[in-house]
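This report concerns only the one structure given below.
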Amino acid sequence: AYRSGIFPWYSEGEPILWWSPSQRAVFRSDGVHLSQRLRRRLRHSGWTVRADSAFGQVVTGCAAPRTGQSGGTWITAEMQAAYARMHHLGHAHSIEVFDGDGRLVGGLFGLAVGRMFCGDSMYSACSGASSLALAVLAQRLRDWGWPHIDAQVPNAHTRRLGVEVWSRERYLAALADARDQPCLIGSWSNAFGEFPAEELA
């Protein structure tokens, strides 16, 4: 499904629904923008960013109810198990933000499809953590020669971070170029390294 530009999105208790929207949210790996206010906070945050060291915790965090959000989550226990399997096979990855005491404060997860990173969900236990995870992911992907991050559907938060809205046809063409390119299968921990937040400040 991901190789065809299709992703799951539904509510608990519904059948699994799959989507390929007419408008697709896409980040260029050189196009994620953090606000000056957040950059100032990062200078003294003590936060660090890593990959694939707490995949299950990130998925659980993404599945937790959001403040002011009604209804359930599409990241059900069944879906969590499916993503854990994909992580075990080396295709699903998490980007994690830790505070100075080593506590997980946010992150994101998604699937690598060739050289397209298909982002599924992000969360912040501390304000700004998911934005930092996205910005560091974009920088690492740019270093690796990966041009795009699929963000599925646009919203106010991703628009502030610099997301572009593409037609389905444009996205599928970019995916077709990327999905059969060689990629890094397996854990990203070593290749990704540890990124101090102040480097983005």
Side-chain angles (χ1 to χ4, degrees), residues 1-10 16-21 23-29 31-32 49-64 73-97 104 106-123 130-131 133-155 157-158 161 163-164 166 168 170-192:
Y2 282 82
R3 287 178 57 82
S4 299
I6 303 169
F7 59 87
W9 190 20
Y10 59 102
I16 297 176
L17 303 176
W18 297 87
W19 299 85
S20 179
Q23 291 190 319
R24 195 73 170 227
V26 179
F27 285 101
R28 297 181 186 275
S29 60
V32 175
V49 183
R50 301 199 292 266
D52 286 345
S53 66
F55 182 84
Q57 291 174 263
V58 170
V59 174
T60 299
C62 290
T73 175
W74 66 272
I75 312 174
T76 60
E78 182 182 19
M79 291 300 290
Q80 291 183 49
Y83 282 113
R85 175 67 173 159
M86 293 299 289
H87 177 62
H88 177 74
L89 294 172
H91 302 294
H93 305 281
S94 59
I95 310 301
E96 309 118 8
V97 181
L104 183 68
L108 62 85
F109 78 94
L111 269 65
V113 179
R115 292 192 178 181
M116 176 74 76
F117 187 87
C118 300
D120 275 298
S121 188
M122 60 198 321
Y123 87 102
S130 63
S131 299
L134 177 66
V136 175
L137 169 65
Q139 180 161 319
R140 285 292 189 255
L141 295 181
R142 184 171 68 248
D143 293 342
W144 296 346
W146 298 35
H148 301 117
I149 300 169
D150 169 27
Q152 298 183 346
V153 293
N155 58 45
H157 179 60
T158 56
L161 292 169
V163 83
E164 299 180 3
W166 290 7
R168 179 190 294 116
R170 182 180 178 187
Y171 171 73
L172 291 177
L175 177 62
D177 286 341
R179 65 189 175 194
D180 293 321
Q181 295 293 319
C183 68
L184 184 61
I185 297 175
S187 174
W188 282 7
S189 292
N190 291 334
F192 196 93

Just verifying a value: how many Å separate [X] [atom1] and [Y] [atom2], rounded to the nearest 0.5 Å?
| X | Y | atom1 | atom2 | value |
| --- | --- | --- | --- | --- |
| Tyr171 | Gln23 | OH | CD | 15.0 Å |
| Met79 | Thr73 | CE | OG1 | 9.5 Å |
| Gln181 | Trp146 | CD | CH2 | 10.5 Å |
| Trp74 | Tyr10 | CH2 | OH | 7.5 Å |
| Leu108 | Ile149 | CG | CD1 | 8.0 Å |

Under the salt bridge (Lys or Arg N to Asp or Glu O under 4.0 Å) rule, collect the residues that match up with Arg50, sequence neighbours excluded.
Glu194
Suppose we screen for salt bridge (Lys or Arg N to Asp or Glu O under 4.0 Å). Which residues come up paired with Asp177, at least two apart in sequence or across chains?
none
Atom of [X], atom of [Y] and distance for their closest heavy-atom approach:
| X | Y | answer |
| --- | --- | --- |
| Val113 | Cys118 | CG2-SG, 3.9 Å |
| Ala25 | Pro154 | CB-N, 3.4 Å |
| Gly107 | Val58 | C-CG1, 4.1 Å |

Kindly write out the residues that satisfy side-chain contact (heavy atoms from CB on, under 4.5 Å) with [X], not counting sequence neighbours, or none if the list is empty.
| X | result |
| --- | --- |
| Ser130 | Met122, Ser124, His157 |
| Ala191 | Trp144, Leu184 |
| Ser29 | Leu141, Arg142 |
| Ala1 | Ile6, Trp18 |

Side-chain (Gln80) to main-chain (Ile75) donor-acceptor, under 3.5 angstrom
yes
Donor-acceptor under 3.5 Å (Arg115 side chain, Pro182 main chain):
yes
Could you pull out every donor-acceptor pair under 3.5 Å between side chains of residues 82-96 and any protein atom, sequence neighbours left out?
{"residue": "Tyr83", "atom": "OH", "partner": "Tyr2", "partner atom": "OH", "Å": "2.6"}
{"residue": "Tyr83", "atom": "OH", "partner": "Asp120", "partner atom": "OD1", "Å": "3.3"}
{"residue": "His87", "atom": "ND1", "partner": "Ala92", "partner atom": "O", "Å": "2.9"}
{"residue": "His93", "atom": "ND1", "partner": "Asp52", "partner atom": "OD2", "Å": "2.8"}
{"residue": "His93", "atom": "NE2", "partner": "Gly90", "partner atom": "O", "Å": "3.3"}
{"residue": "His93", "atom": "NE2", "partner": "Trp188", "partner atom": "NE1", "Å": "3.3"}
{"residue": "Ser94", "atom": "OG", "partner": "Glu96", "partner atom": "OE2", "Å": "2.5"}
{"residue": "Glu96", "atom": "OE1", "partner": "Ser53", "partner atom": "N", "Å": "3.2"}
{"residue": "Glu96", "atom": "OE1", "partner": "Ser53", "partner atom": "OG", "Å": "2.6"}
{"residue": "Glu96", "atom": "OE2", "partner": "Asp52", "partner atom": "N", "Å": "3.0"}
{"residue": "Glu96", "atom": "OE2", "partner": "Ser53", "partner atom": "N", "Å": "2.8"}
{"residue": "Glu96", "atom": "OE2", "partner": "Ala54", "partner atom": "N", "Å": "2.9"}

State which residues pass side chain to side chain donor-acceptor pair (under 3.5 Å) with [X]; sequence neighbours excluded, sorted by chain then number.
| X | answer |
| --- | --- |
| Asp143 | none |
| Ser4 | none |
| Trp166 | Glu164 |
| Arg3 | Asp180 |

Using side chain to side chain contact (heavy atoms under 4.5 Å, CB included), reason through Cys62 and Phe109 one step at a time and then give a plain yes or no.
CA-CA 8 Å; Cys62 290; Phe109 78 94; 3.8 Å; yes
Begin from the C-alpha positions of Trp9 and Val153 and carry the test side chain to side chain contact (heavy atoms under 4.5 Å, CB included) through to its verdict.
CA-CA 11 Å; Trp9 190 20; Val153 293; 3.8 Å; yes
Output every pair passing salt bridge (Lys or Arg N to Asp or Glu O under 4.0 Å) with a member in residues 145-155, not counting sequence neighbours, ordered by first then second residue.
Arg24-Asp150
Check whether any side-chain heavy atom of Phe117 sits under 4.5 Å from a side-chain heavy atom of Cys183, and report yes or no.
no
